[in-house]
Every structure is written in structure tokens, then in C-alpha cells.
Protein chains: 2
Amino acid sequence: MEYISQNVARNLKRVRKTRKMSLDDVAEQTGVSKSMLGQIERGESNPTVETLGKIVSGLRIPFTSLVNSANTDIIIVNKESLLPFKSVEGEYQFYEYFPYEESRTFEIYMMQIHPRAKNCSGGHGENTFEYLTVIAGILTLEAEGKIYEIKEGDSIRFPTHGDHIYSNNTDEILKFVITFTWN
Amino acid sequence: MEYISQNVARNLKRVRKTRKMSLDDVAEQTGVSKSMLGQIERGESNPTVETLGKIVSGLRIPFTSLVNSANTDIIIVNKESLLPFKSVEGEYQFYEYFPYEESRTFEIYMMQIHPRAKNCSGGHGENTFEYLTVIAGILTLEAEGKIYEIKEGDSIRFPTHGDHIYSNNTDEILKFVITFTWN
DNA sequence: TCATTTTGTGCGTTATACTGTATATTTTTT
DNA sequence: AAAAAATATACAGTATAACGCACAAAATGA
């Protein structure tokens with residue numbers, strides 16, 4: 001209940017308002033109950049794909065217009081409201097700030113590795129790259145058969161067609177931002 | 001659980017298979033449980049938008065590629081599996097065979113009106129039209145301030161910017177197919 | 001052929017999507 | 001300002017989405 005549902009909430013409310021329709025009107029036209037529509041607009045519900053289907057079909061709008069974030073919008077991502085996508089307690093946490101979306105050509109993540117821990121990642125396919133910017137600590141990166149040390153404030157770009165390992169060989173926490181891209 | 005979920009089912013299975021991934025692989029990459037993915041692929045579940053979000057994001061595919069019916073597909077719509085969208089028992093039933101979808105420029109419905117019953121419809125906006133083909137009975141249509149009688153086998157096209165009324169003034173059931181279009 | 005591993009399904013539990021009805025809130029009318 | 005109407009939220013009940021674990025089925029290897 002935290003990312004796409006909020007897009008749907010804003011988008012649905014926007015189309016309804018610009019069309020000057022009431023919740024009852026939309027309920028009538030889509031076959032989705034008024035209460036559900038209200039909850040969706042308030043971001044209190046995580047609708048099913050069939051419900052979305054009824055809405056887009058009844059309102060005759062493209063699916064993506066509900067689901068995508070209007071790209072004029074300002075988007076604020078709170079780390080708090082963001083549960084780590086991959087996480088091993090006491091080892092590492094991987095946060096998705098701007099994960100894949102069709103309209104973008106890159107993705108932004110944050111990784112946090114605890115002292116003496118590491119994380120191994122498989123390849124991401126041909127012509128994929130990561131840009132790592134270290135915010136705190138020292139990152140030891142193993143990629144393309146070599147080992148790199150990236151210090152706080154530094155940044156690296158490398159191809160990710162092959163396996164790569166992020167490790168924290170220090171006694172302080174390591175944090176870095178990942179921009180992932182392809183082609 | 002009946003239309004879009006089936007698209008999702010087929011589409012998800014197709015991408016997974018072409019990528020030669022197991023359910024475990026997809027679960028790992030998306031953060032959606034293996035059992036859920038299995039149910040989705042078997043068309044046994046009606047996933048929420050957040051779950052879909054995790055899938056499209058993890059697999060890096062466009063939202064629409066899950067949701068749309070591959071337009072090479074043959075689509076069979078069973079009346080049985082299709083609960084009437086609008087229905088008043090003993091009066092009329094309105095079935096959505098091919099409702100709005102972005103990739104199409106028309107929609108196809110079927111309407112069934114019981115003896116001596118009628119159905120009133122508001123306007124659908126500028127430059128919208130209906131093509132009605134009567135399959136059984138006699139349709140009495142009121143539109144644009146005039147009254148038309150359409151007999152079994154006949155067809156009519158008329159603009160639907162204004163109110164219109166379908167009535168069955170006979171003692172037999174009335175059935176007709178509606179093709180709705182715009183512009 | 002039988003073990004071993006890999007991949008998919010079934011099952012019980014919990015959280016919540018969705019509905020209909022009732023209540024609250026806002027807007028409009030008199 | 002009060003009454004009436006229109007619109008949005010609250011609530012309670014039911015169905016089911018989503019998960020983790022255990023089992024089954026299929027594929028692989030010895």
C-alpha cells in the first residue's frame with residue numbers, strides 16, 4: 001500500500017474532478033462501489049486489477065493513466081515509508097527509490113551494508129550499467145574480475161553484465177546510491 | 001476474476017517462459033511469493049495493483065504488457081462467464097463483450113430487454129455513435145427527438161450525444177448488439 | 001532404475017479488498 | 001438561517017489476496 005496505489009489515488013481523483021463527476025457517477029459508470037472508489041482515491045486501498053479494469057473501461061481512459069505517476073508531479077520518497085526490497089537484518093538493506101517504470105530509462109536505489117558484510121549480485125544483462133555514489137563508508141566492489149575501493153564521496157560506473165560483489169570491509173556502515181541503466 | 005486477470009495470467013507466463021525463468025526466479029526478482037505467482041499464472045487470483053507493480057518493476061516490463069490482451073490472441077467471450085454489467089432482473093441485461101480498451105476505437109455490447117420493458121440512457125458525449133443490430137424481437141428506439149422501429153435483422157446507426165431510450169413494446173424478448181464508437 | 005535436485009501445486013492463516021447500508025459533511029435552495 | 005439535496009466517509013460483513021510451509025511432480029544425474 002505505498003507506491004502505485006498512491007498514483008492511482010491521485011490520478012483517479014484528478015480525472016473525476018476534471019470531469020466534474022461525483023463518486024456516485026463514477027460508481028454508476030464503472031460498476032465499482034462508491035465506497036471502494038472513495039477508499040482508492042484516499043489511497044486507503046490497494047485495488048485489484050479487475051477493479052482497475054472496470055474503472056479504466058467505464059471511464060474510457062488508458063490503463064497507464066491510472067498507474068503511472070503524472071510526470072509533472074513532484075515525487076517525494078520517504079525512506080521511512082519505504083520498506084527495504086531486499087534485506088538481511090544486520091547485513092544489508094536495499095531500498096527502491098525509483099524502480100523500473102516504462103517512462104524512465106534508469107532506476108535509482110540505495111544500498112546500506114553493515115560492517116564486514118557483503119552482498120552478491122548476478123549479472124543484469126548486456127549493456128547494463130550501474131553508477132555507484134558512496135555516501136558513507138568505503139565500498140569494496142568486485143566486478144569484471146577486478147577489485148575497486150570507492151571512498152565516501154566518490155563514484156564509479158561499471159558494466160553489470162556479469163556477477164558483482166559489494167562489500168563493506170570496514171567497521172563503519174556503508175551507504176551508497178545506485179543508478180542503474182541500460183543501453 | 002474473469003477478464004483482465006486472464007490476460008495477466010497468459011502474459012506473465014509467456015514472459016517467464018521466454019526468459020526461461022522458474023517461479024522461484026521470478027519470486028526472487030520481484031518480491032512476490034512463489035505461490036502467488038503460481039496462482040496468478042493459473043488465472044486463479046485477481047492480483048492487486050501493488051503486486052502487479054512489483055512484477056512489472058522486478059521484471060522490467062511495461063504495465064500494459066501484463067494487462068492488455070496480446071492482439072494476436074484469439075479472444076472468446078462466453079456469455080455464461082460474463083455477468084451482465086447492468087441488469088434489472090426481468091427488465092433488461094447489458095453485457096460487455098468487448099468493453100473499452102485503449103487499443104480499440106469501438107466497443108461491443110449486447111442488450112436484452114424483456115417484454116414491455118425499457119432502458120433509458122444518457123448521452124455519451126460529442127461525436128459518439130451507436131450501431132444497433134437487432135437479433136431478436138423489435139426495438140423501439142427514441143433518439144434525437146424521434147422514434148424508430150428496428151425489426152429483427154435490421155440495423156441502425158445514430159448519434160448518442162443526447163439521451164436515448166430503448167424499449168421493447170412487444171411480448172417477445174428483444175436482443176440486439178451494440179457497437180459503440182466515437183469521432 | 002533409483003536418488004537427487006529442481007520446479008510447481010496445495011493448504012492453512014492473516015490481512016484486507018469490496019460491497020451495501022448508515023452516517024456525516026458539504027452544497028444548494030428557500 | 002434552516003431545510004433539502006447532493007456528495008463523501010464510516011462501519012460491519014464476506015470473500016479472497018498474499019504469504020510461508022509442506023508436499024507433489026518433473027527433470028536431472030548417477
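Below, each value reflects all heavy atoms present in this structure, side chains not excepted, and no hydrogens, waters or symmetry copies. Order of the sequence lines fixes the chain letters, A, B, ..., with proteins taken first and strands second; residue numbering starts at 1 for each chain.
Atom pair A:Glu44:CD and C:dC18:C1' shows a separation of 14 Å (rounding to whole Å applied). Taking atom CD of residue A:Gln39 and atom C1' of nucleotide D:dA8, one finds them 12 Å apart after rounding to whole Å. One interatomic measurement links the two molecules: CG of B:Asp25 to C1' of C:dT6, which rounds to 10 Å at whole-angstrom precision. For B:Glu50 and C:dA15, the CD to C1' distance is 15 Å, given to the nearest whole Å. Between the CE atom of A:Met36 and the C1' atom of D:dT16 there is a distance of 13 Å, rounded to whole Å. Straight-line distance from the CG atom of B:Leu37 to the C1' atom of C:dT7: 13 Å, rounded to whole Å. Summarising the geometry, the separation between CD on A:Glu41 and C1' on D:dA8 is reported as 10 Å, rounded to the nearest angstrom. In this structure, A:Asp24 atom CG and C:dA22 atom C1' are separated by 14 Å, rounded to whole Å.
Residue contacts for A:Lys17: at a heavy-atom cut-off of 4.0 Å it reaches the sugar-phosphate backbone alone, with no base atom in range. Nucleic acid contact for B:Thr48: sugar-phosphate only, since backbone atoms but no base atoms lie under 4.0 Å from a heavy atom of the residue.
Residue A:Arg16 places at least one side-chain N or O under 4.0 Å from the OP1 or OP2 atom of D:dA8. Between A:Ser45 and C:dA17, a side-chain N or O to OP1/OP2 separation shorter than 4.0 Å is present.
With hydrogens and angles ignored, no donor-acceptor pair under 3.5 angstrom links the side chain of B:Ser35 to the base of C:dG8. Between the base of C:dG8 and the side chain of B:Lys34 there is a donor-acceptor pair shorter than 3.5 Å.
Of the candidates D:dA10, C:dT7, C:dT19, the closest approach to any side-chain atom of A:Arg42 belongs to D:dA10. Distance from the side chain of A:Asn46 is smallest for C:dA17 among the nucleotides D:dA17, C:dT9, C:dA17.
B:Ile135 and B:Met110 fall within a single hydrophobic cluster, where Ile, Leu, Val, Met, Phe, Trp and Tyr side chains are chained together by heavy-atom contacts under 4.5 Å.
In this structure, CD1 in B:Ile138 is found 9.0 Å from CG in B:Leu174, a value given to the nearest 0.5 Å.
At least one side-chain heavy atom of B:Leu132 sits under 4.5 Å from a side-chain heavy atom of B:Phe158.
Using cut-offs of 30° and 60° for the angle between ring planes, the B:Phe94 and B:Tyr109 rings count as parallel.
Atom CD of B:Glu172 has 12 or fewer neighbouring heavy atoms from other residues, nucleotides or ligands inside a 6.0 Å radius.
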